[in-house]
Amino acid sequence: MNLTKIIKDSLWYGVVPKLSSIISIIVLPIVTPYLTPKDYGIYGIISAYLSLFNGISTLGLHMHLPNSFFTLKQKYKLLWRRIFGTMLISCIILSIILFCLYLFILPEIPIHQRWYVAILAIIPLLFSANGLIANNFYVLIGKPQPLVLRNLLGSIISIITFFICARFFQIGYLSWIIASAFSTIVIFILFIKPIWINEKIYPQLEKSSKRQIRLLKIALPVIPHNLGHILLSSADRIIMTILGLSLIDIGLYSNGHQIGDYTSFAIIGIFTAISPAIQKAYRTNNKNLMLYYYLTTQILCSIIVFLLAIWMKEIYYILIKNEELQKSYLVASVICFSLAMYSNYAFMSTAAFIKEKTGNILYLVFIPGIINILLAFCFIPIWGYIGAAFAMLIANWSNSLIPFFIEFYKKEMRNMLGTIHHIPYVILLNILLFIFSIFIKEASIFIKAIITLGTIYLCFISYHKFIVPLQINKSPKNNM
């Protein structure tokens, strides 16, 4: 793959899909006056359970799609049809279970509305298998345009539908549910001709129980990995319902979580861009270069979240034209900071995937997920919904301590960085930045502007004085 194609594909996969997210942010000031914390609460609960069931629905079988594409050559479509069929059956069964669950967990919605709300809410799960097959197919054949353009069209339709429902019909949480259901059906239809008819990849029942068991035996261990991310991102709202928090509190948290999580676009974008360079440095055992990438990305992550956190109140004033929801800016600041040490996860997961030690990935996602649940049950009764944000912050940051307890990651981080003693300093730096951001969150715009310029200047000086010299030795010959 030449550089031109890498850049072109990066734009298609990285930039174009984010256009819908940018549009979503732009319409926030227009629609938030017509949404309430209760609307965010109801939809937060619905989306949390939907995420949980989505994480289970594939049964882990999606891992066989890329593997079979390369190993079975022209016969891979035979296996893909059977996997498609199994996942579709799984989605149907789980959709029925989720439908019944929605009837019981949404008592605030009148019973005559609850039925159609539940039906609309399960549509994204019911039709999810088609999109998963399409995502894998177009990425593997190296043709991003058909995939990205169809998904982008579906996302834009979703935004337009949501805008019309929220702004003109003023139906609150139903705006999200209708928009999500409508766009899911549209995307499903758009992929029928190219995938089902043209490529002949359609659902087919698996007739061999032995083959089914063999595939599931390999695939099912992937589910905890999927659930690990969900336990970090969605379990908090489920726990709030269990602990009896009001829909208003859940809604305030959901709004803050949504806005704070927009930070992930920038953070993940950094690592998407630099990932090939990190892998190359890892494979050539160039510790200096890997340390350079580690410190560079860590400084970028820390500064981005710090600056967004201290300006979050002003960001809310611009984007959220609703006084009730503007109280969520503190949650958004904490959620934003939870991504400050993403570089540790990125470097450790890179080593695990290159070494094909995917079982070790569970330490990076499932353990923090469990920590998030335990802390949420402890913090929420004491501090309310803000406690869930702090639980998520600590759970995400706990990743950074894994090299001190898990031998595989201790060895790999030493191989990459020369030592793991940089990590405590990174943790300390982010703790200090987080505490400082809390103290100055109510400061005047003038003071925040001075702090912003000073922070950028200090980072610029530190980068050129301490980090750039690491690039001087790009040869691995002096590395141990």
Please report the closest heavy-atom contact between Gly256 and Tyr316, naming both atoms and the distance.
CA-OH, 3.3 Å
Could you check whether atom CG of Leu205 has more than 12 heavy atoms from other residues, nucleotides or ligands sitting under 6.0 Å from it?
no
Okay, side chain of Trp397, backbone of Phe337: is any donor-acceptor separation there less than 3.5 Å?
yes
Approximate separation, where rounding is to 0.5 Å, of Ile46 CD1 and Ile109 CD1:
5.0 Å
Do Asn322 and Thr32 have a side chain donor and acceptor closer than 3.5 Å?
no
Does the side chain of Pro146 reach to within under 4.5 Å of the side chain of Pro194, using non-hydrogen atoms?
no
Hey, is CD1 on Ile111 packed in by over 12 heavy atoms from elsewhere, all under 6.0 Å?
yes
In terms of the angle between their ring planes, are Tyr463 and Tyr292 parallel, tilted or perpendicular, with boundaries placed at 30° and 60°?
tilted
Output the distance between atom OG1 (Thr184) and atom CG (Leu120), rounded to the nearest 0.5 Å.
10.5 Å
In Å and rounded to the nearest 0.5 Å, what is the CD1 to CE distance from Ile218 to Met63?
6.5 Å
Tyr363 and Asn399 side chains, donor-acceptor separation under 3.5 Å
no
Sort and list the pairs that fulfil side-chain hydrogen bond (donor to acceptor under 3.5 Å, both in side chains) and have at least one residue in residues 296-314, not counting sequence neighbours.
Gln298-Ser302, Gln298-Ser343, Ser302-Asn430, Trp311-Thr452, Lys313-Glu442, Glu314-Lys448
Gln326 side-chain N/O to Ile320 backbone N/O, donor-acceptor pair under 3.5 Å
yes
In terms of heavy-atom contacts, does NZ of Lys77 have more than 12 from other residues, nucleotides or ligands at under 6.0 Å?
yes
Determine yes or no for a side-chain-to-main-chain donor-acceptor pair under 3.5 angstrom, with Ser180 supplying the side chain and Ile177 the backbone.
no
Answer with yes or no after comparing the ring centroid distance for Phe191 and Trp196 against a 6.0 Å cut-off, counting only values under it.
no
How many angstroms lie between CG in Leu364 and CG in Asn360, if you round to the nearest 0.5 Å?
8.0 Å
Side-chain donor-acceptor pairs of residues 247-254 under 3.5 Å, sequence neighbours excluded:
unit_1, atom_1, unit_2, atom_2, d
Tyr253, OH, Asp236, OD2, 2.4
Ser254, OG, Ile250, O, 2.8

Can you pull the side-chain hydrogen bond (donor to acceptor under 3.5 Å, both in side chains) pairs that have at least one residue in residues 82-111, sequence neighbours excluded?
Thr86-Gln212
For atom CZ of Phe137, is the number of surrounding heavy atoms from other residues, nucleotides or ligands below 6.0 Å larger than 12?
yes
Ring centres of Phe168 and Phe163 under 6.0 Å apart?
yes
Determine whether more than 12 heavy atoms belonging to other residues, nucleotides or ligands lie under 6.0 Å from atom CZ of Phe169.
no
Qualifying residue for side-chain contact (heavy atoms from CB on, under 4.5 Å) with Leu94, from Leu126, Leu59, Ile56, Ile122
Ile56
Ignoring hydrogens and angles, tell me if any N or O in the side chain of His62 forms a donor-acceptor pair with the backbone of Leu132 under 3.5 Å.
no
Is Ile402 close to Ile367 at the side-chain level, that is, under 4.5 Å between some pair of heavy atoms?
no
Please tell me whether Asp39 and Thr36 have a donor and an acceptor in their side chains that are separated by less than 3.5 angstrom.
yes
Around Phe69, counting heavy atoms of other residues, nucleotides and ligands shown, do more than 12 lie under 6.0 Å from its CZ?
yes
Any sub-3.5 Å donor-acceptor pair from Arg150's side-chain atoms to Leu190's backbone N or O?
yes
